[in-house]
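This report refers to the structure that appears directly beneath it.
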Amino acid sequence: MRAIRLYLASGMIHGIGELLATAIVEIFGEQTLHVIDTDPQRLREVHGIGPTRLERITEAWKTKKAIADIMVFLQGLGISAHLAVKIYQTYKDTDHDPLQTVRDAPYQLCRDVHGVGFDTADRIALAVGIPKHSDQRLQAALLHTLTEARPEATVTFPSAPCSPAPVTY
């Protein structure tokens, strides 16, 4: 519920501020976004929401609905609203569903979204169940390490093969 409240209070839905977001979530709980989406008239049950504010909220919801799921999901992981919007903006006009990319290939965010580093992608990956010892994580960590070392020119490769000569028996 914290993530829903943070999303509503983020300013993405015109007409809902921090206090009103808290009041809405207190009344509707986990069903808050479902209520806004399917039965917005029920928002009139919240003190401070009259016909004018309801109309503003309903119109804002229609335009921002696509980003709501990813915002709630990422804010639940402690990702800022600003970064969640950047992630959404990066993928919204592609063939990739932003939320699906976050869930299936979170390390891709390091390469595609300016401001998402390995640590953030790793936090998302572990939260969505990608194993700590997965190939996906290892590749991302290696790429991160090489990228970080590049500006310092500290990456060198041996001129000799890395493995010893084969042993014959």
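All figures in this text were calculated on a predicted structure; none of them were measured in a lab. All heavy atoms count here, side chains included; hydrogens, waters and symmetry mates do not.
- Using a 4.5 Å heavy-atom threshold, the side chains of Ile67 and Lys64 count as touching.
- Counting heavy-atom neighbours within 6.0 Å of Glu45 CD, excluding the residue itself, gives a total above 12.
- With Arg2 contributing its side chain and Gly76 its backbone, the two residues share no donor-acceptor pair below 3.5 Å.
- Around the CG atom of Leu142, the shell of radius 6.0 Å holds more than 12 heavy atoms that belong to other residues, nucleotides or ligands.
- Of all heavy-atom pairs between Pro106 and Ile124, the closest is CB-CG2, 3.8 Å.
- In terms of modelled atom types and a separation under 3.5 Å, the side chain of Lys132 and the main chain of Leu126 share no donor-acceptor contact.
- Geometric assessment of Arg137 against the ring of Phe118 yields a negative cation-pi assignment under the 6.0 Å and 45° thresholds.
- With rounding to the nearest 0.5 Å, the separation of CD1 in Ile36 from CD1 in Ile13 is 7.0 Å.
- The local environment of CD in Glu18 is sparse, with at most 12 non-hydrogen atoms from other residues, nucleotides or ligands closer than 6.0 Å.
- Contact detail for Ala21 and Ala9: the closest heavy-atom pair is CB-N, 3.7 Å.
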Intermediate values then yes/no, side chain to side chain donor-acceptor pair (under 3.5 Å), Gln100 and Arg103: CA-CA 5 Å; Gln100 205 60 45; Arg103 287 189 169 137; 5.3 Å; no
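- Residues Gly29 and Met1 come closest through the heavy atom pair CA-SD, 3.4 Å.
- The main-chain N or O of Ile130 is never found under 3.5 Å from a side-chain atom of Ser134 such that the two would form a donor-acceptor pair.
- Using a 4.5 Å heavy-atom threshold, the side chains of Leu138 and His133 count as separate.
- Considering only heavy atoms from C-beta on, Ile49 stays 4.5 Å or farther from Ile16 through its side chain.
- Considering CD1 of Ile57 and CH2 of Trp61, their distance stands at 11.5 Å, rounded to 0.5 Å.
- Residue Leu20 holds its CG atom at 10.0 Å from NE2 of His47, rounded to the nearest 0.5 Å.
- Annotation: the span from Thr120 atom OG1 to Leu109 atom CG amounts to 9.0 Å, rounded to 0.5 Å.
- Closest approach of Arg123 to Gly78, counting heavy atoms only: NH1-O, 3.6 Å.
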Could you give me the CA-CA distance, side-chain angles and deciding distance for Tyr91 and Asp112, then say whether side chain to side chain contact (heavy atoms under 4.5 Å, CB included) is met? CA-CA 9 Å; Tyr91 297 111; Asp112 296 345; 2.7 Å; yes
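- Looking at heavy atoms from C-beta onward, Phe28 lies in side-chain contact with Arg42 at the 4.5 angstrom threshold.
- Between Val46 and Ala23, the shortest heavy-atom distance links the atoms CG1-CB, 3.9 Å.
- Here the closest heavy-atom approach between residue Met71 and residue Met12 is recorded as CE-CG, 3.8 Å.
- Note: Thr32 OG1 to Arg5 CZ = 11.5 Å, rounded to the nearest 0.5 Å.
- Note that CG of Leu6 is 12.0 Å distant from CG of Leu74, once rounded to the nearest 0.5 Å.
- The shortest distance between side-chain heavy atoms of Leu8 and Ile4 falls below 4.5 Å.
- Grouping the Ile, Leu, Val, Met, Phe, Trp and Tyr side chains by contacts below 4.5 angstrom, directly or via other members, places Val116 apart from Leu143.
- The side-chain heavy atoms of Asp122 and Tyr107, taken from C-beta on, include a pair separated by under 4.5 Å.
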